[in-house]
Asker: 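My questions will all concern the structure given below.
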Amino acid sequence: MIARGIMLGPDQPVILHLLDIEPAAESLNGVKMELVDAAFPLLKGVVATTDVVEACKGVNVAVMVGGFPRKEGMERKDVMSKNVSIYKAQASALEKYAAEDCKVLVVANPANTNALILKEFAPSIPEKNITCLTRLDHNRALGQISERLKEHVSDVKNAIIWGNHSSTQYPDVNHATVTTSGGEKPVRKLVADDQWLNTEFITTVQQRGAAIIKARKLSSALSAASAACDHIRDWVLGTPKGTWVSMGVYSDGSYGIQPGLIYSFPVTCEKGQWSIVQGLKIDEFSRAKMDATAKELIDEKSLAYSCLD
């Protein structure tokens, strides 16, 4: 997708830096061979390496998909301590070797907290340049509304994912609209089933990743890659007028969310910068959901910091 111009636009040449661990070096080289064989017009070079310094040298965009997955019998703290050490090392390399304007997207879970650790150990990368992926959840929410209303997904917009990329996230459609033949209509009005929107819709989006693992025996691949491209494309090239998207970004205290967390907010992007959408009305139901996911992030943050000691 990146080599085809889906992430950075159809006219932007790219050089891909691919990093993997030593045991995967041979398979990584196979990926490089395939990229060469595909003869992508925009692909100007491929660096396939197991050396984090070589991988980070001069990069403008870093998509961090590597992380340690939770395995059977593992406690959250075990997973967290492994990921803390991975992201501490990656952060130091980006800090020293990436381009000054490097934009970072963390995909690997726990994504919000991995991004926070990366921010701590890469102090010279501006906090506005470190984000995590909640666009997959955002796209899932749009997809569920589209299926329910039998409307095309491109006509549904402005759903919001608040909080953590976990099962506590809050998919909110209170401000979402659908473009119909009769103009833009609120999603709540069109669905006309608050019970579904406040229960089943929310849990379906929250647990979609688990449902895909159950069906495929593997975690989301295509949809996650597509969402990462969407996230970077909108960040770099801007969001369409009147449309916002969800990004895990560094909280500035907006909507009463504790500053210093990486929390998913609705954002608009322009000229390579994101801004949190302000002034949205939050009802009591939403407030409780937003605070619950913030609390989980506060707990994760203290767990991550305890792994550093």
Side-chain angles (χ1 to χ4, degrees), residues 1-2 4-10 63 105 107 111 131-163 165-167 169-216 218-248 264-270 274 277 280 286 289:
M1 287 174 174
I2 299 169
R4 277 196 191 282
I6 289 170
M7 180 184 274
L8 293 164
V63 181
L105 167 61
V107 176
T131 63
C132 82
L133 188 73
T134 56
R135 181 60 174 270
L136 177 52
D137 309 299
H138 178 97
N139 288 351
R140 284 168 172 163
L142 298 179
Q144 289 304 306
I145 295 298
S146 149
E147 297 267 294
R148 175 81 178 197
L149 293 173
K150 310 219 173 344
E151 297 283 353
H152 196 272
V153 73
S154 60
D155 292 326
V156 187
K157 67 175 190 183
N158 295 356
I160 300 166
I161 302 296
W162 297 101
H165 173 62
S166 77
S167 60
Q169 62 175 266
Y170 170 44
D172 174 5
V173 295
N174 290 327
H175 312 278
T177 61
V178 181
T179 304
T180 67
S181 51
E184 260 189 22
K185 301 272 168 69
V187 162
R188 250 191 208 278
K189 207 168 176 179
L190 287 174
V191 170
D193 184 346
D194 282 351
Q195 173 62 21
W196 180 78
L197 283 172
N198 291 346
T199 55
E200 196 185 323
F201 163 74
I202 292 174
T203 53
T204 299
V205 176
Q206 287 173 334
Q207 294 166 17
R208 187 69 162 183
I212 286 170
I213 291 173
K214 191 164 181 254
R216 258 175 40 94
L218 293 162
S219 57
S220 308
L222 170 70
S223 53
S226 182
C229 288
D230 290 345
H231 176 112
I232 299 286
R233 185 190 62 243
D234 286 342
W235 189 3
V236 172
L237 302 176
T239 44
K241 199 167 169 37
T243 300
W244 64 63
V245 295
S246 303
M247 281 170 71
S264 180
F265 289 96
V267 302
T268 54
C269 305
E270 195 179 1
W274 55 263
V277 175
L280 297 174
S286 297
K289 296 272 187 205

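All residue numbers in this chain count up from 1 along the given sequence.
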Asker: Can you name the nearest heavy-atom pair linking Ala176 to Ala159, along with the distance?
Answerer: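 What the structure gives for the nearest pair is CB-N, 3.8 Å.
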Asker: Would you say Ser246's side chain and Thr134's backbone share a donor-acceptor pair under 3.5 angstrom?
Answerer: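 Side chain of Ser246 to backbone of Thr134, a donor-acceptor pair under 3.5 Å: no, none is there.
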Asker: Under 4.5 Å between any side-chain heavy atoms of Leu280 and Trp244, yes or no?
Answerer: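 With C-beta onward as the side chain, the pair touches.
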Asker: How long is the gap from CD1 on Ile145 to CG on Asp155, to the nearest 0.5 Å?
Answerer: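 Rounded to the nearest 0.5 Å, the CD1-CG separation comes to 13.5 Å.
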Asker: Tell me the closest heavy-atom pair linking Ser219 and Ile213, and the distance in Å.
Answerer: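 The answer is CA-CG1, 3.6 Å.
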Asker: Would you say Arg148 and Trp196 make side-chain contact, with heavy atoms under 4.5 Å?
Answerer: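 Yes, their side chains come closer than 4.5 Å.
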Asker: Could you tell me which non-hydrogen atom of Ile6 sits nearest to which non-hydrogen atom of Cys229, and how far apart they are?
Answerer: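 Shortest heavy-atom separation between Ile6 and Cys229 comes out as CG2-CB, 4.1 Å.
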Asker: Going by the rule ring pair (Phe, Tyr, Trp, His ring centres under 6.0 Å), which residues pair with His231 if we only count those two or more places apart in sequence or in a different chain?
Answerer: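 If we apply the ring pair (Phe, Tyr, Trp, His ring centres under 6.0 Å) test to His231, skipping adjacent residues, the hits are Trp235.
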Asker: How far apart are the closest heavy atoms of Thr243 and Asn158, and which atoms are they?
Answerer: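 Heavy atoms only, the tightest pair is CA-OD1, 3.3 Å.
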Asker: To the nearest 0.5 angstrom, please state how far the SG atom of Cys269 sits from the CZ atom of Arg233.
Answerer: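 Cys269 atom SG to Arg233 atom CZ measures 11.0 Å (nearest 0.5 Å).
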Asker: List the steps and the verdict of side-chain contact (heavy atoms from CB on, under 4.5 Å) for Tyr170 and Ile202.
Answerer: CA-CA 7 Å; Tyr170 170 44; Ile202 292 174; 3.8 Å; yes
Asker: Kindly indicate whether the side chain of Val63, heavy atoms from C-beta on, has any atom under 4.5 Å from the side chain of Met7.
Answerer: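 Yes, side chains in contact.
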Asker: Could you tell me whether the side chain of Lys157 and the main chain of Thr179 form a donor-acceptor pair under 3.5 Å?
Answerer: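 Absent.
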Asker: Could you pull out the closest heavy-atom pair between Leu133 and Asp137, with the gap in Å?
Answerer: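 Answer, listing the atom of Leu133 first, then Asp137: O-OD2, 4.4 Å.
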Asker: Check the surroundings of atom CD in Glu184: do more than 12 heavy atoms from other residues, nucleotides or ligands lie under 6.0 Å from it?
Answerer: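 Above 12, so yes.
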Asker: Taking all non-hydrogen atoms of both residues into account, name the closest pair between Ser146 and Val153 and its distance.
Answerer: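 Taking Ser146 first and Val153 second, the nearest heavy atoms are OG-N, 3.6 Å.
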Asker: Can you tell if the side chain of Thr180 reaches within under 4.5 Å of the side chain of Leu190, non-hydrogen atoms only?
Answerer: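 The answer is yes; the side chains approach within 4.5 Å.
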Asker: Heavy atoms, side chains only, cut-off 4.5 Å: are Arg140 and Ile212 in contact?
Answerer: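 Of all side-chain heavy-atom pairs linking Ile212 with Arg140, at least one is under 4.5 Å.
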Asker: Tell me, do Gln169 and Val205 make a side-chain contact under 4.5 Å, heavy atoms counted?
Answerer: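 Gln169 vs Val205: side chains touch.
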Asker: Check whether any side-chain heavy atom of Leu105 sits under 4.5 Å from a side-chain heavy atom of Ile232, and report yes or no.
Answerer: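 Yes, at least one pair of side-chain atoms sits under 4.5 Å.
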Asker: Drop me the distance from Gln206's CD to Ser166's OG, to the nearest 0.5 angstrom.
Answerer: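 These two atoms lie 8.0 Å from each other.
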Asker: Heavy-atom distance under 4.5 Å between the side chains of Ser226 and Met1, does that happen here?
Answerer: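 Of all side-chain heavy-atom pairs linking Met1 with Ser226, at least one is under 4.5 Å.
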